[in-house]
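Step one of this worksheet: look at the structure below.
Chain letters run A, B, ... following the sequence lines, proteins first and then strands; every chain starts at 1. These numbers were taken from a predicted model, which means no experiment stands behind them. As a basis for the values below, the full set of heavy atoms in this structure was taken, side chains included, without hydrogen atoms, waters or symmetry mates.
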Number of protein chains: 2
Amino acid sequence: MKDVAARAGVGLKTVSRVVNGEPGVTPDTERRVREAITALGFRRNDSARILRKGRTASIGLVLEDLADPFYGPLSRAVEEVARAHGALLINGSSAEDPAREQELVLALCARRVDGLVIIPAGEDHRYLEPELAAGVATVFVDRPAARIEADAVLSDCFGGSRAAVAHLIAHGHRRIGFIGDRPGIHTAAERLRGYRTAMAEAGLPVDPSWISLGPTDPDRVGAAARSMLDGPGPITALFAGNNRVTVTAVRVLAGRTLPVALVGFDDFELADLLSPAVTVVAQDAARLGRTAAEMLFRRLDGAAGEPRRVELPTRLIARGSGEIPPADRG
Amino acid sequence: MKDVAARAGVGLKTVSRVVNGEPGVTPDTERRVREAITALGFRRNDSARILRKGRTASIGLVLEDLADPFYGPLSRAVEEVARAHGALLINGSSAEDPAREQELVLALCARRVDGLVIIPAGEDHRYLEPELAAGVATVFVDRPAARIEADAVLSDCFGGSRAAVAHLIAHGHRRIGFIGDRPGIHTAAERLRGYRTAMAEAGLPVDPSWISLGPTDPDRVGAAARSMLDGPGPITALFAGNNRVTVTAVRVLAGRTLPVALVGFDDFELADLLSPAVTVVAQDAARLGRTAAEMLFRRLDGAAGEPRRVELPTRLIARGSGEIPPADRG
DNA sequence: CTGAAAGCGCTTACAG
DNA sequence: CTGAAAGCGCTTACAG
């Protein structure tokens, strides 16, 4: 910028004015400055600008896995809101590793993002306290913060799961299995609670062998499903705790002779084209992201007050697999 | 930092040393500094650091749509490589809009990202010339740069498409349709060229009504497919130019009485569970991302030389839909 | 082992 | 309409 000023024969401030499109520069001066800019290949350095101005016009997004189709629409929605507010998105995946989440969050804070949208992997977010005290706006999505108070936007996992299981019960099932994610994950725990509540409300006993929580890789989920189907008190219906579980369950059930009812948490593309088409409890990932980002920018615009928790509804979409009656095992 | 130094009764440089874990500080001094840091809630400001050091340890990723499942594994792969090199990822979607691509790229440059990975939407990248001259490393992925020379990592769209269409021809088809993305998009043009080449190599004529290029939204693609199927010289097989086209094609074909063969470009989840299971030409999105990011960091580490273009192979996966023989229309 | 000075590239507040 | 000076929060190069 100094070189540009020298070449154009003007002061630093005048170059700054031209670069930022501020008023108060004669057309002639402006032309000279612009010439110098292209001649010298000048490019403004935003780091310096940020250092002076305070705000960085960027927000951080920490999610679990960029490659998980559930987070695609969510990220995209956060990005659109950020863009509408003139902010850039900096993001990264925690890979469900609390240490990596913390590392990423603190790196974003050191870059002085104006705010953070976090899909947490950790179970203790007190490391964020100094940042929150320093004024970094933060909204948690999909799962709440642990051990600190913070804004959060969640899906109604409990209600959705209760409805899913009640749906299976209404179609005559009494032995219903549940395969979910690791119980330390808030959404997994809530979905389990919904399952238990629906069973209890119908006065149905739950055999411990009908419940399996853990990593959602195909091997574990497949083994869990097969053992529930082939055990002594075999299930006639399965409630799958998320999209990955559902996909694996579909594969397992496709190889079976006796029909087994299935309801999955999370909708997914082509669910309606499988046979049977898959009944799901859908949550709106894009709306989750949009709501969280809007809450963040409201905070950045000065909205004060206690941390808020917003819960978005889910929707049961009956397509066929959830309406299969219990198989008669003769 | 000044306040921390004052409170700990040391010089600025000593605080800097403690914060950065540099050697040459007595344990006692270090303890005093750390106490002052927590007492004052000090958090290092990386903008200032970046301003001094030059490198930002961050790279930018510009893609077409964060929500498109094809880009999930690609982004994730870029992120993993960045992480291995201690760099953060800043990213955004161009939404297939050249103006938005340019805006995003220049914003990233102003933040002084060390390098860029770009899935281009534009057809003229000369706006990047000043940045390239200033030393911003740049690698294009999935599609090449236009009107400038730059590193690029691509899939072999031409070869994959030729193989797909040859596969249909080998199963007896002579009237084969192609539905692809807008012809300005390099990958779409290459896939069309592969289609034409395979048809020509088999000595088969191509009726203009068998080719439809344009936006890949379900309405347009569905209409195009129906008109090819119901027109005067109806096709007996369809080659779908990308994952979105394939999904729509599956929906259209599912409602038909006469079987129609289908091969899709891009693999997708559950393709094997549909009936018939969908034959595809698979490209490796994660490898595309990884290769590009590695090339970028090699440049950042000083690799000189002419821009390189790497082409990754595709793989035909026969699952059923592509092996259906031509329907006998009596 | 420790610190004072200069400077990274901008903007802010002020004066002409 | 224009510019000189000070400062954002750090690091670099040097000296003690």
- request: State the pairing partner of D:dA13; accept Watson-Crick or G-U wobble contacts with both distances under 3.5 Å, and report none otherwise.
  value: none
query: In whole angstroms, how far is the P atom of C:dT2 from the CG atom of B:Asp28?
result: 9 Å
- prompt: Looking only at side-chain N and O atoms, does A:Ser16 come under 4.0 Å of OP1 or OP2 in C:dC10?
  reply: no
field: Touch class at under 4.0 angstrom, heavy-atom based, for B:Lys53 against every strand present
entry: sugar-phosphate
query: Looking across every strand, which nucleic acid part, if any, lies under 4.0 Å from A:Arg112 by heavy atom: base, sugar-phosphate, or nothing?
result: nothing
query: Where does the angle between the aromatic ring planes of B:Phe297 and B:His85 fall among parallel (under 30°), tilted (30 to 60°) and perpendicular (over 60°)?
result: parallel
Whichever of B:Leu51 and B:Glu22 has its nearest DNA chain D nucleotide further upstream toward 5': B:Leu51
query: Which is true for A:Val10 with a 4.0 Å heavy-atom rule: it touches a base, it touches only sugar-phosphate, or it touches nothing?
result: sugar-phosphate
Rounded distance in Å - NZ (A:Lys13) to P (C:dC14): 14 Å
- request: Report yes if at least one side-chain N or O of B:Thr29 is closer than 4.0 Å to OP1 or OP2 of C:dC1; otherwise report no.
  value: no
field: Side-chain donor-acceptor contact under 3.5 Å, A:Asp65 with A:Ser93
entry: no
query: Base, sugar-phosphate, or nothing for B:Ser47, non-hydrogen atoms under 4.0 angstrom?
result: nothing
task: Return no unless some side-chain N or O of A:Thr14 is found under 4.0 Å from OP1 or OP2 of D:dT2.
output: no
- prompt: Closest to the A:Phe42 side chain: D:dT2, C:dT2, C:dC10?
  reply: C:dC10
query: Over how many whole Å does the gap from A:Arg32 atom CZ to D:dC1 atom C1' extend?
result: 12 Å
Nucleotide forming a Watson-Crick or wobble pair with C:dA4, both distances under 3.5 Å: none
message: I'd like to know if A:Arg52 reaches the base of C:dG9 with its side chain, counting only an N/O donor and acceptor under 3.5 Å.
response: no
query: Would a distance-only check, ignoring hydrogens and angles, find a side-chain to backbone donor-acceptor pair under 3.5 Å from A:Ser16 to A:Leu12?
result: no
Euclidean distance, atom CG of residue B:Leu12 to atom C1' of D:dC8 [Å, nearest integer]: 13 Å
message: Keeping B:Arg308 on the side-chain end and B:Ala152 on the backbone end, is there a donor-acceptor pair under 3.5 Å?
response: no
message: Expressed as a whole number of angstroms, how long is the span from B:Asn45:CG to D:dG7:C1'?
response: 14 Å
message: Is it the case that the side chain of B:Arg143 and the backbone of B:Pro120 share a donor-acceptor pair, with hydrogens and angles ignored and the cut-off at 3.5 Å?
response: yes
- line: Taken to the nearest whole Å, NZ/B:Lys2 to C1'/C:dA6 is 16 Å
task: Send over the distance from A:Ile37 CD1 to C:dC10 C1', rounded to a whole Å.
output: 13 Å
field: For atom CD of B:Glu30 and atom P of C:dC1, their distance in whole Å
entry: 12 Å
Of B:Gly24 and A:Arg44, the one whose closest DNA chain C nucleotide lies more 5': B:Gly24
query: Counting any heavy atom closer than 4.0 Å, what does A:Asn20 reach on the DNA or RNA strands: base, sugar-phosphate only, or nothing?
result: sugar-phosphate
task: For residues B:Arg287 and B:Thr291, report the shortest heavy-atom separation together with the two atoms involved.
output: O-OG1, 2.6 Å
message: Regarding B:Arg17, tell me which of base, sugar-phosphate or nothing describes its non-hydrogen contacts under 4.0 Å with the strands shown.
response: base
